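Small disclaimer: the values here were computed from a predicted structure and weren't measured.
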Amino acid sequence: MSVLFSALDQVMSVMHLSYLMLGVVIGLIVGIIPGLGGIAGMSLLLPFIYGMDASVGLGMLMGLVAVVPTGDTFTSVLMGIPGSSSSQATVMDGFPLAKKGQAARALSAAFLSSMIGGVVGAVILSVFILVARPVVLAFSSAELFMLTLLGLSVVASLSGGSVYKGLAACGMGLLIGTIGGAPATGDFRFTFDVDYLYDGIPLIVVGLGIFALPEIISLLIKNKSIATKGNQLGQGLGQGLKDVMSNLPLVGRSSVFGSLVGAIPGLGGSVVDWMTYSFAMSASKDKSQFGKGEIKGVIAPESANNACSCGSMIPTILFGVPGSGSAAVFLGGMLLLGIQPGVSMVSTHLDLTYTIIWSLALANILGAALCIFLTRPISMLTYIKFSILAPVILTLILFAAYQATRSFGDFLALGAIALIGVLMKNADWPRPAFLIGFVLSAGAENYFFQSIQFYEYSWFTRPGVLIIGALILCGLFLPTVFRRMMRKRQTPEEAKAASETAIVTNFNLDIWIAGLFLLVAVVFGYQVWGEQTLTSAFPLIAVTLLGGSSLMVIINHLRHRGQIATAEIRQGLFYIVGFFIMAFLYFELGFLTTTFVFSLSFIYFFARAGVVKSLSIAFGLLVFLLVLGRVMSVDYPEGLLDGYVLAIANLV
């Protein structure tokens, strides 16, 4: 108990609260912008927490991860656009309520439900820590390695319609994660004599490239504001709070269920909101109002998705297996702060574990309170045209990416990963599986090496390994068995309708991605073949997984002949080419100069803003970078022109 209260004392310190609140504010802003979500937001924060005290850095990260599911409620309710996958079900009744002039009621109910769900999730997390502590301490490296594989298998099997796409994405992430030095031998792999690759590709670059840039490109292609037509907030903030209090049993059930589902790697917010929405509907006496503005349809998913964020911390903290994409980046943040998840979190770092729990609970309370009191001004952010926000967000992304190693390679790697992200997004390949595979790669290889070192090959026969291996097989094959059983029960009409909707519409792009992945597997396999066993064993496992799954994707897709609308693909590739040109200019002309000219030109010509607004935003970005550079002691690439800008700034 003394550890619990000492952690609370740390959380309530002025420094911790300040950074926690900063994380909460950033999380709310990130949540409002559709598609960005917790992964991109946390990737942006990683450079800023480097060198911080561990408890303070964790507070900042937890502030963000706790409230992103709260912030994305604005877009879901006000204009029917899910801010992230975890707020899709909220649209069903939140948006109809807004159209009836009851947006304030829906928002306040959602925020209070989110707060309660987050607090319940934090309580369940603390219970799991206490109960699971002896189990975790009994786990060896062999069981931890198998748990890593279990997490990957669950992520792959639950990542959309094709388990082979999920496995291929996991394999690609694992393989990219092996670039650099082998932990067992120190041999360098897959560097291709490029200096930048000797230390591997940083997590910040991968997270921003696979998620943030593709989402920005997608929003730029649409070139609209988040809200094209406003809905009046109306009255009813107090009524929404009363609705939650009168439905506390529903809030409690949804919160507990969300926490438990969040603890299963791969499920997360993309399904828990629909599951709780379905439960709320089935338990309701009057189902006729669901989809037309039933407040229970807002309360249930909003209670669950914040609790789900807490639940995803259970496997992340206890086993180092992230339960979601956001948890994967959070795991990288823990490693950046010098914290190793797993046994140490329930033994030597139990105080930090309780700091995380207290921070989660407090962040949910602060986030909900901010949203309730600032509903009207925050909702106005959704009416800003995204093309005006894009240069600001892109500048933050580039700044964060440059902090990885502060070299030109950061930008090139960011563009290359973003290219993969654009392709995967448009072909509906599971990008979280890629990211989770990348994050788990280093830990999985260490566990694999330690298992061989301690037990040689007898670790395959350990009871825990056999049990987890059986769970992996069940996770991979049971969904397929269930789908086949469901098909047998379908009527001929249902089977025909299902076959028509199941036709692959992204045939060409799927073949290109699978072919690219297969080529990567062949090249990487050839590179590592013949190396000593401890250097090549794990990469060859990843190569086999990637190559075999990609080949199965190609074989399965050759049975279909669909069509694909390539307009967005071409535009996405056009933006990627433009990004590489900008990256070149950053180092030739200078980071500050290029940012100013790009933002000014983009806002004036593309967003069609006036001269005053364009100059104000561009100049504001320049000042922001100058201040940030001095605070964080960052030396930007000067190129040919930045020296003059810095000289003027020093005079001022």
Side-chain angles (χ1 to χ4, degrees), residues 11-12 14 16-34 36 38 41 59-60 62-79 83-84 86-87 90 93-95 97-98 100-122 226-227 230-248 251 255 295 298-299 301-303 305-307 309-310 358-384 389:
V11 169
M12 298 307 294
V14 175
H16 188 96
L17 281 175
S18 300
Y19 281 98
L20 179 71
M21 180 61 76
L22 180 60
V24 167
V25 172
I26 295 172
L28 292 176
I29 295 172
V30 168
I32 291 171
I33 302 172
L36 286 187
M60 193 171 179
M62 297 319 301
L64 186 144
V65 76
V67 300
V68 167
T70 305
D72 60 23
T73 305
F74 281 103
T75 55
S76 299
V77 170
L78 292 176
M79 70 291 303
S84 66
S86 63
S87 63
T90 306
D93 287 285
F95 191 48
L97 280 167
K100 293 178 181 179
Q102 300 180 46
R105 177 192 178 193
L107 287 171
S108 61
F111 297 146
L112 184 57
S113 301
S114 296
M115 183 194 76
I116 297 174
V119 173
V120 170
I226 301 170
N231 280 301
Q232 294 297 320
L233 283 176
Q235 304 300 315
L237 279 172
Q239 181 59 44
L241 304 181
K242 293 178 182 177
D243 289 328
V244 174
M245 301 309 296
S246 62
N247 287 283
L248 281 179
V251 175
S255 301
I295 196 66
V298 174
I299 292 173
E302 287 299 316
S303 303
N305 57 30
N306 278 57
S309 298
C310 298
W358 282 117
S359 297
L360 271 172
L362 187 58
N364 276 283
I365 295 172
L366 291 175
L370 274 178
C371 284
I372 291 172
F373 288 113
L374 301 176
T375 294
R376 295 185 187 278
I378 291 177
S379 66
M380 298 305 295
L381 293 175
T382 60
Y383 303 111
I384 301 174
L389 293 174

In this structure, which one of T90, I116, V251, L248 forms a side-chain contact (heavy atoms from CB on, under 4.5 Å) with I299? V251
Can you name the closest pair of heavy atoms from A361 and V119 and give their distance? O-CG2, 4.1 Å
Roughly how far apart are M12 CE and W358 CH2, rounded to 0.5 Å? 9.5 Å
Roughly how far apart are H16 NE2 and M62 CE, rounded to 0.5 Å? 9.5 Å
Result for side-chain contact (heavy atoms from CB on, under 4.5 Å) between S255 and one of S114, S303, S113 points to S303
Taking the side chain as everything from C-beta on, heavy atoms only, tell me whether M115 gets closer than 4.5 Å to C371. no
Residues D243 and Q239: side-chain donor-acceptor under 3.5 angstrom: yes
Side-chain contact, heavy-atom cut-off 4.5 Å: M245 with L112? yes
Heavy-atom check, side chain of L366 versus side chain of M21, under 4.5 Å: yes
What are the two closest non-hydrogen atoms of G117 and A307, and how far apart are they? O-CB, 3.3 Å
State which residue, out of L20, V24, I26, fulfils the side-chain contact (heavy atoms from CB on, under 4.5 Å) condition with L22. I26
Under a 4.5 Å cut-off applied to non-hydrogen side-chain atoms, are V120 and N306 in contact? no
Verdict with supporting geometry, I295 and D93, side-chain contact (heavy atoms from CB on, under 4.5 Å): CA-CA 7 Å; I295 196 66; D93 287 285; over 6 Å; no
Flag the pair C310 / N364 as yes when at least one side-chain heavy-atom distance between them is below 4.5 Å, and no otherwise. yes
